[in-house]
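Scroll down for the structure; my scribbles are underneath it.
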Amino acid sequence: VLLLFSLFAFYLYRCSDSLADYFWFGCVCLATAVFTLVHNDWRSLFGLSAGISERLLFLSMVGVITGGITLVWSLMNEVLPRWLVFYLSGLGAVSLALALQPSLIVLIWLRDFVWLTVSLVVPALFYLLYTKVRQKLPEVRLVTLGVGIFLISIWHDMYYVSFSRELDAV
């Protein structure tokens with residue numbers, strides 16, 4: 001279903017380049033579809049190894065995060081600040097380099113550091129939403145609620161996975 005949403009969003013964007021929101025929504029849906037596919041038992045249908053699965057999980061989560069941040073800025077009709085463009089570009093480059101390097105253990109241990117750096121962008125995201133709520137723009141409260149629920153879910157999953165991995169090792 002998410003794959004169909006992403007294809008439809010890309011189609012709408014292709015019909016009109018001015019609808020950037022649809023492009024970013026399509027990116028988020030596509031990354032979420034890959035994450036969902038690889039995160040459960042469907043990966044056995046494709047014969048994916050643990051190494052490939054972990055790399056796809058990592059890259060799809062980075063895609064959800066970068067696409068989501070860009071989508072929120074686009075929905076708020078704001079241009080991404082230069083520092084954020086630089087940060088998201090660097091995050092993409094570092095994430096791709098981590099996923100392509102041969103050691104799965106290095107990826108697993110360094111991904112927690114990547115998640116920590118992603119957490120540093122959250123105040124800027126909430127500041128943008130706060131200023132838009134104060135301007136009383138329509139639907140900003142709904143977007144803010146959605147972003148809040150998404151971030152709580154992501155943080156729960158990141159820390160649950162990190163702590164459960166460390167507890168399993170003990």
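Remember, predicted model here, so these are calculated numbers, not experimental data.
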Give, for atom CG of Asp112 and atom OG1 of Thr117, the distance between the pair rounded to the nearest 0.5 Å.
11.0 Å

List the residues meeting side-chain hydrogen bond (donor to acceptor under 3.5 Å, both in side chains) with Arg134, not counting sequence neighbours, and say none if there are none.
Tyr130

Could you list the donor-acceptor pairs under 3.5 angstrom formed between side-chain atoms of residues 70-79 and any protein atom two or more places apart in sequence or on another chain?
{"residue": "Thr70", "atom": "OG1", "partner": "Thr66", "partner atom": "O", "Å": "2.8"}
{"residue": "Ser74", "atom": "OG", "partner": "Asp21", "partner atom": "OD1", "Å": "2.2"}
{"residue": "Glu78", "atom": "OE2", "partner": "Lys132", "partner atom": "NZ", "Å": "2.6"}

Would you compute the distance between atom CG of Leu84 and atom CG of Leu128 and round it to the nearest 0.5 angstrom?
9.5 Å

Atom pair OH/CZ of Tyr22 and Phe10 - distance to nearest 0.5 Å:
14.0 Å

Expected output: side-chain Ser119 to main-chain Trp115 donor-acceptor under 3.5 Å
yes

Please say whether more than 12 non-hydrogen atoms of neighbouring residues, nucleotides or ligands are located less than 6.0 Å from CG in Leu100.
yes

Indicate, with yes or no, if Phe113 and Ile108 share a hydrophobic cluster defined by side-chain heavy-atom contacts under 4.5 Å among Ile, Leu, Val, Met, Phe, Trp and Tyr.
no

Drop me the distance from Ile52's CD1 to Leu104's CG, to the nearest 0.5 angstrom.
10.5 Å

Would you indicate whether Glu139, at its atom CD, is surrounded by more than 12 heavy atoms from other residues, nucleotides or ligands within a distance under 6.0 Å?
no

Min side-chain heavy-atom separation Leu3-Leu37 under 4.5 Å
no

Can you see which heavy atom on Phe25 is nearest to which on Ala9, and at what distance?
CD2-CB, 4.0 Å

For residues 28-35, run the donor-acceptor check on the side chains, cut-off 3.5 Å, and write out each pair with its distance to 0.1 Å, sequence neighbours left out.
{"residue": "Thr32", "atom": "OG1", "partner": "Val28", "partner atom": "O", "Å": "2.7"}

Residues Val140, Val143; criterion side chain to side chain contact (heavy atoms under 4.5 Å, CB included); working and verdict
CA-CA 5 Å; Val140 173; Val143 171; 5.6 Å; no

Show me the donor-acceptor pairs within less than 3.5 Å that the side chains of residues 53-64 make with the rest of the protein, sequence neighbours left out.
{"residue": "Ser53", "atom": "OG", "partner": "Ser49", "partner atom": "O", "Å": "2.9"}
{"residue": "Glu54", "atom": "OE1", "partner": "Arg111", "partner atom": "NH1", "Å": "2.8"}
{"residue": "Arg55", "atom": "NE", "partner": "Ala99", "partner atom": "O", "Å": "2.7"}
{"residue": "Arg55", "atom": "NH1", "partner": "Gly51", "partner atom": "O", "Å": "3.2"}
{"residue": "Arg55", "atom": "NH2", "partner": "Gln101", "partner atom": "O", "Å": "2.8"}
{"residue": "Arg55", "atom": "NH2", "partner": "Pro102", "partner atom": "O", "Å": "3.1"}
{"residue": "Ser60", "atom": "OG", "partner": "Leu56", "partner atom": "O", "Å": "2.9"}
{"residue": "Ser60", "atom": "OG", "partner": "Leu57", "partner atom": "O", "Å": "3.0"}

State which residues pass ring-ring contact (aromatic ring centres under 6.0 Å, His included) with Tyr87; sequence neighbours excluded, sorted by chain then number.
none

Test of understanding: with side-chain contact (heavy atoms from CB on, under 4.5 Å), list the residues that count as partners of Phe86, not counting sequence neighbours.
none

Would you say Trp83 ends up clustered with Val94 if hydrophobic residues are merged whenever their side chains have heavy atoms under 4.5 Å apart, either directly or through other cluster members?
yes

How about Val1 and Phe5: do any of their side-chain heavy atoms sit closer than 4.5 Å?
yes

Please tell me whether Leu145 and Val147 are part of a single hydrophobic cluster in this structure, the criterion being side-chain heavy atoms less than 4.5 Å apart.
no

What distance separates Leu129 CG from Thr131 OG1, expressed to the nearest 0.5 Å?
7.5 Å

Spacing of CG belonging to Leu96 relative to CG belonging to Leu91, to within rounding of 0.5 Å:
11.0 Å

State plainly whether one hydrophobic cluster holds both Leu120 and Ile152, where clusters connect Ile, Leu, Val, Met, Phe, Trp and Tyr through side-chain heavy atoms under 4.5 angstrom apart.
no

Less than 4.5 Å apart, any side-chain heavy atom of Leu151 and any of Phe126?
yes

